[in-house]
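The next block holds one structure in the form of structure tokens; read it before the comments.
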Amino acid sequence: MTSGTASGTAALQERRYRILVTGYAISSYGTFLNVVALSLYVYAVTDRALAVGMFMAVRLAAGFVAGLAAAAVLARWSAKGVMFWANVAQAAALLLLVLAPDGFRTGTLFAVSAVVGASGTLFMVTLRSSIPDMVGEGRHTWANSLMVSGRSMAMVAGFASSGVVVSLLGYTAAFLVDMATFLVCALTVLLLPMPMGPARGNERGNEGKDSQGKDVEDGQGSQEEEGADGQGRRRDGRRRVPAALVALGAVPVLGLMVALRGIDALGSSSHNAALPVYSTELDADNPAVFVSVFWCVWALGNVLVQQVLQRYTKRTGRSVGALGFGLGTIAMSGTFILAFAGLPWAATVVIALLAGAADGLTEVSYTSHLQTLPSPLRTHAFGLSATVENLGFGVGMIVVAAALDVFTPLSVVGVAHGAAIVLALVYVARVLRGRGEAQVEESQEGEEAQEAVPGSEAREEKQGDQGEGESGAGPARGGHRDGAEVSGG
């Protein structure tokens with residue numbers, strides 16, 4: 001393939017991915033508009049605050065189950081098909097809600113909650129795990145930054161316009177707008193140059209191989225086939241190893257990384273639940289002011305850091321890696337705690353900006369890092385991650401809601417995000433230790449190689465005198481790994 005053909009292919013990939021991200025941003029606007037409109041509608045229909053909590057619980061539970069099932073779904077259906085039908089399912093559910101008779105609306109609402117929760121999770125797992133196939137090698141950070149930027153701006157637009165749309169146009173119009181956004185996203189998915197039908201084993205470049213190049217069957221490794229009884233046991237009587245555990249064991253510290261993501265989700269539930277309470281304490285007459293300003297500035301910080309990450313990656317050819325995820329989590333949790341400390345407005349605005357930037361950094365570094373896994377382990381890892389995140393956020397919402405009746409917002413957010421900081425410190429220490437071990441191993445391998453080649457030491461000394469060693473490969477160019485990456489990252 002000539003360089004001109006390769007650059008043309010890359011440009012086509014980038015253009016189609018940008019179209020997809022545009023569709024995803026539009027559907028994200030519908031999602032965040034959906035969160036507000038549906039919650040208000042549940043309360044209007046049932047007149048019970050408990051129903052609103054149950055509605056969110058059903059949505060999170062459906063997302064939890066979808067995360068567990070994502071790898072199995074993607075083993076049978078193509079990524080393009082899953083993303084397309086996930087959007088169509090959400091649009092159909094909203095249309096069903098609009099057409100439902102008065103007597104069936106409560107039941108329909110909970111059905112919609114389950115469909116939206118499951119379909120949204122399936123779409124995100126599929127999108128994140130498919131990005132390496134869409135944009136090619138070395139473009140993960142750029143692609144993830146673009147995705148996160150679009151979602152952040154959509155979040156602000158969705159939350160900001162939800163009150164206006166519902167107040168001026170009504171619930172039916174809001175649901176129809178939501179439905180249209182999902183259909184737009186489905187149309188952008190159709191433009192992807194990917195197969196639409198059931199998946200086949202040879203359609204994905206790395207499918208069937210683990211990180212060492214060994215054969216894998218549905219992420220299970222090279223173990224024996226299942227017995228004919230279909231009860232999840234091997235013919236020799238041993239239980240098979242769950243594919244999600246294979247994914248966690250494929251990369252150092254990945255299990256700790258996913259666990260930290262779950263605790264981070266619990267911390268997110270704390271500031272999401274505490275913001276309205278804290279805002280009301282600041283200004284009971286206009287409680288929406290602080291919340292609106294905080295999220296707008298947060299989104300600005302998120303978008304700005306994506307621009308920095310894209311330029312950093314383009315200039316250096318490197319991503320922020322696993323260490324960036326740990327440090328970003330510490331910064332994010334610390335700034336969210338400070339946001340509830342009662343500081344002056346100017347300081348709080350700066351803190352919100354930093355919180356958004358740190359949040360954007362962790363999102364991109366985490367997603368990019370999991371994308372270094374080979375397929376299909378990548379799908380299992382993202383499915384497990386979505387399950388853990390939904391669990392952390394769901395449990396957090398229950399615990400935090402109860403705690404806010406007794407404790408101050410600062411203390412509740414401090415405990416939740418403080419737990420994330422503690423685990424993040426453990427994680428960072430583990431990554432740094434892995435880096436040190438990797439550097440020692442590289443040094444030992446270099447010494448063994450020199451001993452195996454007669455005269456190599458003399459040549460190296462001569463090169464050192466001539467200054468030629470500075471252009472060598474490996475650590476001399478700052479090419480160290482963080483101890484948690486796999487080939488392809």
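Note that these values count all heavy atoms, side chains included, but never hydrogens, waters or copies made by symmetry. Residue numbers run from 1 in the order of the sequence given.
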When every non-hydrogen atom of Ser27 is compared with those of Asn87, the smallest separation belongs to CB-OD1, 4.1 Å

Can you tell me how far the CG atom of Asp359 sits from the OG1 atom of Thr335, to the nearest 0.5 Å? 8.5 Å

Kindly indicate whether the side chain of Leu95, heavy atoms from C-beta on, has any atom under 4.5 Å from the side chain of Phe175. no

Could you tell me which residues satisfy side-chain contact (heavy atoms from CB on, under 4.5 Å) with Thr126, sequence neighbours excluded, listed by chain and number? Leu74, Ala79, Val82, Met83, Ser130

NE2 of His417 to CZ of Phe340, rounded to nearest 0.5 Å, is 7.5 Å

Sorted by chain and number, sequence neighbours left out, side-chain hydrogen bond (donor to acceptor under 3.5 Å, both in side chains) with Tyr17 holds for none

Quick one: does any side-chain atom of Thr362 pair with a main-chain N or O of Gly328 as donor and acceptor, under 3.5 Å? no

Determine, stepwise, if the pair Leu68 / Phe64 fulfils side-chain contact (heavy atoms from CB on, under 4.5 Å). CA-CA 7 Å; Leu68 293 175; Phe64 178 90; 3.8 Å; yes

Can you give me the closest heavy-atom contact between Gly392 and Ser269, atom names plus distance? O-OG, 4.5 Å

Listing, residues 182-193 side-chain donor-acceptor contacts under 3.5 Å, not counting sequence neighbours, or none:
unit_1	atom_1	unit_2	atom_2	d
Thr188	OG1	Cys185	O	2.6

Mind checking the CH2-CH2 spacing from Trp77 to Trp85? Nearest 0.5 Å is all I need. 9.0 Å

Polar side chain donor-acceptor pair, Tyr366 to Ser385, under 3.5 angstrom: yes

In short, salt bridge (Lys or Arg N to Asp or Glu O under 4.0 Å) pairs touching residues 16-40 with sequence neighbours left out are Glu14-Arg18

For the residue pair Phe294 and Phe336, does the interplanar ring angle fall in the parallel (under 30°), tilted (30 to 60°) or perpendicular (over 60°) class? tilted

State, yes or no, whether a side-chain contact exists between Phe325 and Val431 at a heavy-atom distance under 4.5 Å. no

Check side-chain contact (heavy atoms from CB on, under 4.5 Å) between Leu361 and all other residues, then give those that pass, not counting sequence neighbours. Leu309, Val320

Assess the residue pair Gln306 and Ser145 against the criterion (side chain to side chain donor-acceptor pair (under 3.5 Å)); give the C-alpha distance rounded to whole Å, side-chain angles, the decisive distance to 0.1 Å, and a yes or no. CA-CA 5 Å; Gln306 305 312 323; Ser145 294; 3.1 Å; yes

Set of salt bridge (Lys or Arg N to Asp or Glu O under 4.0 Å) partners for Glu389, sequence neighbours left out: Arg261

Do Leu256 and Leu260 have side chains that approach each other closer than 4.5 Å (heavy atoms only, starting at C-beta)? no

Could you give me the CA-CA distance, side-chain angles and deciding distance for Leu127 and Met134, then say whether side-chain contact (heavy atoms from CB on, under 4.5 Å) is met? CA-CA 9 Å; Leu127 174 59; Met134 295 180 190; 4.2 Å; yes

Considering all heavy atoms of both residues, which atom of Gly334 and which atom of Ile421 are nearest to each other, and what is their separation? N-CD1, 3.9 Å

Backbone N or O of Phe382 within a donor-acceptor pair of the Ser129 side chain at under 3.5 Å? no

Could you walk me through whether Leu60 and Leu391 pass the side-chain contact (heavy atoms from CB on, under 4.5 Å) test, one step at a time? CA-CA 8 Å; Leu60 290 169; Leu391 179 63; over 6 Å; no

Of all residues at least two apart in sequence or in a different chain, which pass the side-chain contact (heavy atoms from CB on, under 4.5 Å) check with Leu96? Thr108

Please check if the number of heavy atoms outside Phe407 that lie under 6.0 Å from its CZ is greater than 12. no

The salt bridge (Lys or Arg N to Asp or Glu O under 4.0 Å) partners of Arg128 (sequence neighbours excluded) come to Glu363

Does any part of the side chain of Met147, heavy atoms only, come nearer than 4.5 Å to the side chain of Arg151, both counted from C-beta? no

Salt bridge check: are Asp133 and Arg378 linked by an N-O gap of less than 4.0 Å? yes

Residues that Ser268 engages under side-chain contact (heavy atoms from CB on, under 4.5 Å), provided they are two or more places apart: Asp264, His271, Asn272, Phe393

Got a sec, which residues hit side-chain hydrogen bond (donor to acceptor under 3.5 Å, both in side chains) with Ser161, two or more places apart in sequence or on another chain? Tyr29

Quick one: CG on Leu254 to CG on Leu370, what's the gap to the nearest 0.5 Å? 5.5 Å

Restricting to non-hydrogen atoms, name the atom on Val388 and the atom on Gly262 that form the minimum distance, rounded to 0.1 Å. CG1-CA, 3.5 Å

I'd like to know whether Val156 forms a side-chain contact (heavy atoms from CB on, under 4.5 Å) with Phe32, so could you lay out the CA-CA distance, the side-chain angles of the two residues, the decisive distance to 0.1 Å, and finally the verdict. CA-CA 8 Å; Val156 174; Phe32 291 113; over 6 Å; no

If we ignore hydrogens and angles and just use 3.5 Å, is the side chain of Thr367 paired with the main-chain N or O of Val364 as donor and acceptor? no

Is it true that a side-chain atom of Thr387 and a backbone atom of Gly383 form a donor plus acceptor pair closer than 3.5 Å? yes

Looking only at non-hydrogen atoms, find the nearest pair between Val125 and Ala70 and report the distance. CG1-CB, 3.7 Å

Side-chain polar contacts of residues 394-405 - donor-acceptor pairs under 3.5 angstrom, sequence neighbours left out - could you list them?
none

Value rounded to 0.5 Å, distance of OG1 in Thr31 from CD1 in Ile26: 12.0 Å

List the atom of Ala93, the atom of Val115, and the distance in Å for their closest heavy-atom pair. CB-CG1, 3.8 Å

Decide yes or no for Asn144 and Gln371: does some side-chain heavy atom of the first lie under 4.5 Å from some side-chain heavy atom of the second? yes

Looking only at atom types and distance, does a side-chain atom of Thr121 sit under 3.5 Å from a main-chain N or O of Ala118, one as donor and one as acceptor? no

Could you grab the distance from atom CE of Met124 to atom CG of Leu122, nearest 0.5 Å is fine? 11.5 Å

With sequence neighbours excluded, what pairs up with Ser119 under the side-chain hydrogen bond (donor to acceptor under 3.5 Å, both in side chains) test? none

